[in-house]
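These notes are about the structure you will find just below.
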Amino acid sequence: MSDLSSFNLVVIGAGIGGYPAAIRAAQLGASVLVVDRAETGGTCLNRGCIPTKALKATAEMLTRVNNLEEFGLSCSMKVTPDIKTIIQRKNRIVGELVKGVEFLFKSHGVTLKKASASFISKNRLQLTGADGKHEIVESGRFVISTGSSPADMPGIKTDGKFILNSDDILNIDTLPKRLIIIGAGVIGTEFAFIFKSMGVDIVMLEIMPRILPTEEEDVSALITRSLKKAGITLKTDTRVTHAEIQGQEVNLYLDNGEVVTGDRALLSVGRKINTDGLGLENIGIELGKKKEVVVDRFLSTSVNGIYACGDVTGGKMLAHIAYREGITAVSNLLEGRKQTINYDAIPSTIYSMPEAAGVGLTERSAKKKGFRIKIGRFAYRALGKAKAFSQTEGEVKVIVDSETDKVLGMHIVGAHATDIISQGAMAIQNGLTVQSMSDTVAAHPTYSEAVMEAAQDVFSMAIHQPKKSK
Ligand code: NAD
């Protein structure tokens with residue numbers, strides 16, 4: 001055992017929650033240690049947001065290239081995906097970003113240790129390196145940001161070969177001919193579009209009556225339409241009971257007696273929270289039903305001086321929530337502030353093709369909360385820019401409180417939805433009315449015009465819409 005080292009703050013987990021927390025703490029003058037047993041950057045950088053975007057970029061380009069004639073271009077060569085090179089490109093992008101975060105740690109004087117951390121008391125952590133060597137570190141302040149991992153389901157365990165999870169599928173070296181996706185949530189839907197664009201036959205199996213069951217119903221309906229248009233087979237209200245590998249094939253048995261056969265299956269039915277092995281029982285930290293670390297609205301756990309952020313707290317699993325929670329936790333912990341986060345104004349994004357995004361209340365949740373609402377919509381097909389770029393699928397929907405005219409929610413399906421949703425977030429964060437959204441001039445031609453026109457439509461005043469019958 002080496003000498004005891006001590007820090008003003010120890011962050012456990014160097015993902016999108018932990019690394020900004022560590023950098024912010026160093027900016028505030030603290031001596032900071034970050035501990036992570038795996039790659040710096042966590043799920044988002046290595047196995048989530050960034051690598052899937054790298055694959056999506058290829059998928060989108062392929063889709064475009066297969067439609068060259070429409071743009072007045074001809075090409076006699078067939079463009080085909082080379083998955084090994086696609087994965088290499090993804091690895092290069094990820095590697096550069098990981099190095100970038102490690103450079104930032106160095107630049108801010110943050111110490112990084114590669115080890116598994118476990119609490120032995122409220123102010124001491126045992127670190128175990130890959131070589132099995134132990135070290136004890138001491139601090140009065142901790143941020144737990146250990147994230148989540150892909151979950152198996154009863155009857156189906158991933159094996160990394162035939163039945164893959166969202167980590168495995170990012171490192172395949174051959175494209176399967178037929179991929180069965182179990183779970184049509186965010187991960188399943190994103191991979192369905194990516195691999196369909198690369199020529200893989202896709203069957204999606206979803207237990208609920210609709211895909212993306214937690215999203216606005218119209219979003220789910222529009223993305224369902226796009227999935228079908230892309231030639232993806234979707235079976236909803238379908239429970240998979242078990243799986244069997246036969247030769248080089250995977251058979252999935254459904255509760256209606258049907259058997260679906262593919263070359264590979266992707267299990268994307270949710271993620272489990274990473275609290276095992278952290279020694280939280282040694283310090284009596286309160287855990288919830290999903291083994292999540294329970295935090296108050298200031299991100300403090302039940303133990304004084306220990307805060308938590310991101311997926312490990314059991315909230316919505318979104319990178320930008322983890323990021324915001326990490327820096328908020330550090331600000332509260334080190335500066336004694338009482339900062340909170342307005343979760344109603346945090347957008348969610350789905351990198352389907354076309355993209356989808358939402359912020360605030362859905363139509364159903366607004367009605368359930370007792371709001372009298374007005375709705376405005378604007379279809380992408382009426383946008384000049386969308387026409388010019390042949391990206392006419394989708395719409396913007398804005399939900400407004402009839403009494404105050406304040407924007408309650410915005411939901412978008414369509415090109416650049418994940419970028420223009422920020423306008424809805426800005427409106428909700430600042431309590432803006434739909435009138436101010438309608439009065440704000442969107443440049444022409446842009447996709448943002450759809451937001452302005454949807455706001456105008458709340459008053460039946462959208463310029464690029466036919467007169468509504470009363
Ligand atoms: P999810 O909860 O979004 O979707 C899981 C889906 O599986 C649901 O539709 C659910 O009804 C279905 N399901 C559950 N059990 C099933 C069964 N036995 N048979 C068939 N279907 C079943 O989970 P996910 O897609 O695995 O994503 C995990 C988390 O990561 C989510 O919180 C998600 O929001 C987050 N994430 C976010 C992004 C993003 O922001 N773009 C991207 C990826 C993941």
Side-chain angles (χ1 to χ4, degrees), residues 15-17 42-56 147-158 163-170 180-194 203-217 219-220 223-224 227 233-243 252-256 258 260 265-274 290 292 310-324 343 346-359 412-413 417-419 421 425:
I16 190 68
T43 301
C44 173
L45 239 87
N46 295 281
R47 296 173 297 278
C49 324
I50 302 301
T52 52
K53 291 316 97 39
L55 264 53
K56 183 175 184 260
S148 63
S149 327
D152 283 337
M153 60 174 262
I156 304 191
K157 258 181 97 63
T158 53
I163 306 178
L164 311 177
N165 63 27
S166 55
D167 294 354
D168 305 322
I169 202 158
L170 287 168
I180 311 167
I181 298 181
I182 310 166
V186 184
I187 293 182
T189 301
E190 291 184 353
F191 278 119
F193 281 104
I194 287 172
V203 178
M204 294 179 87
L205 307 173
E206 167 59 47
I207 200 166
M208 301 295 280
R210 63 184 179 99
I211 66 161
L212 303 167
T214 55
E215 298 300 319
E216 168 72 30
E217 285 172 38
V219 166
S220 168
I223 297 296
T224 300
L227 278 171
T233 306
L234 173 64
K235 291 175 188 283
T236 48
D237 280 316
T238 299
R239 181 188 291 274
V240 184
T241 57
H242 62 288
L252 292 181
Y253 295 84
L254 313 185
D255 56 357
N256 60 7
E258 218 182 306
V260 182
L266 168 69
L267 187 60
S268 49
V269 294
R271 296 176 63 85
K272 63 175 193 288
I273 286 165
N274 293 336
K290 299 177 286 183
E292 75 276 20
D311 290 4
V312 76
T313 64
K316 253 188 155 182
M317 291 181 173
L318 293 174
H320 43 284
I321 291 187
Y323 166 93
R324 183 60 56 178
Y343 290 92
I346 295 188
S348 59
T349 51
I350 302 167
Y351 292 87
S352 41
M353 292 160 69
E355 293 179 349
V359 61
I412 309 174
V413 170
T418 58
D419 293 309
I421 195 65

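Values reported hereafter were calculated over all heavy atoms of this structure, with side chains retained and with hydrogens, waters and symmetry mates removed. For ligands, and for the atoms within them, numbers begin at 1 and follow the listed sequence. Throughout, residue positions are numbered sequentially from 1 according to the sequence presented. Since the model is a prediction, treat every value here as computed from it, not as a measurement.
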Return the residue, atom name and 0.1 Å-rounded distance of the protein heavy atom closest to atom 26 (O) of ligand 1. G270 N, 2.9 Å
What are the atoms of ligand 1, with element, lying closer than 4.0 Å to any heavy atom of L318? 40 (O)
By side chain to side chain donor-acceptor pair (under 3.5 Å) - contacts of T224 (at least two apart): none
Looking only at non-hydrogen atoms, find the nearest pair between K272 and P150 and report the distance. NZ-O, 3.6 Å
Just need the protein heavy atom nearest to atom 7 (O) of ligand 1, so name the residue and atom and give the distance. G183 CA, 3.3 Å
As an exercise, state the distance from CD1 of I182 to CG of L252, rounded to the nearest 0.5 Å. 4.5 Å
N274-S149 side chain donor-acceptor pair, cut-off 3.5 Å: yes
How far does CD1 of I211 sit from CD1 of I350, to the nearest 0.5 angstrom? 8.0 Å
Report the part of K316 in contact with ligand 1, treating N, CA, C, O as backbone and CB onward as side chain, heavy atoms under 4.0 Å; options are side chain, backbone, both, neither. neither
With a 3.5 Å distance limit and no angle check, can you tell me whether K56 reaches the backbone of T52 through a side-chain donor-acceptor pair? no
When you compare ligand 1 with I207, is there at least one nitrogen or oxygen pair between them that comes in under 3.5 angstrom? yes
Taking only heavy atoms of P213 into account, list the atoms of ligand 1 that are under 4.0 Å away from them. 9 (O), 11 (O)
closest protein heavy atom to atom 35 (C) of ligand 1 is M317 O, 3.3 Å
Which ligand 1 atoms are under 4.0 Å away from a heavy-atom of S268? 5 (C), 6 (C), 7 (O), 26 (O)
Assess whether a salt bridge exists between E215 and R210, defined as any Lys/Arg side-chain N lying under 4.0 Å from an Asp/Glu carboxylate O. no
Got a list of side-chain donor-acceptor pairs under 3.5 Å for residues 310-319, not counting sequence neighbours?
unit_1: D311; atom_1: OD2; unit_2: S148; atom_2: OG; d: 2.7
unit_1: T313; atom_1: OG1; unit_2: G310; atom_2: O; d: 2.7

Identity and distance of the protein heavy atom lying nearest atom 42 (C) of ligand 1: V186 CG1, 3.5 Å
Less than 4.0 Å between a side-chain N and a carboxylate O, is that true for E206 and R239? no
Do any nitrogen or oxygen atoms of I187 come within less than 3.5 Å of a nitrogen or oxygen of ligand 1? yes
What is the nearest protein non-hydrogen atom to atom 39 (C) of ligand 1, stated with its residue, atom name and distance? T349 O, 3.3 Å
Who's the nearest protein heavy-atom neighbour of atom 30 (O) of ligand 1, and how far? R271 CD, 3.7 Å
Nearest non-hydrogen partners of E292 and I273, listed with the distance: CB-CD1, 3.6 Å
Distance from atom 6 (C) of ligand 1 to nearest protein heavy atom, with residue and atom: G185 N, 3.6 Å
Using a strict cut-off of 4.0 Å, indicate which atoms of ligand 1 neighbour a heavy atom of L205. 20 (C), 21 (N)
Quick note on ligand 1: atoms under 4.0 Å from a heavy atom of M208 include exactly 11 (O)
Which bit of E190 is near ligand 1, meaning a heavy atom under 4.0 Å away: side chain, backbone, both or neither? side chain
Going by the order shown, which atoms of ligand 1 are within less than 4.0 Å of some heavy atom of M153? 18 (N)
Can you see whether D152 engages T158 through a side-chain donor-acceptor pair at a distance of less than 3.5 angstrom? yes
Closest to atom 15 (N) of ligand 1 by heavy-atom distance, out of V269, T236, T43, is V269
Which residue and atom name correspond to the protein heavy atom nearest atom 8 (C) of ligand 1, and how close is it? E206 OE1, 3.5 Å
pair I180-L266: side-chain heavy atoms closer than 4.5 Å: no
Close approach, A184 and ligand 1, non-hydrogen under 4.0 angstrom: yes
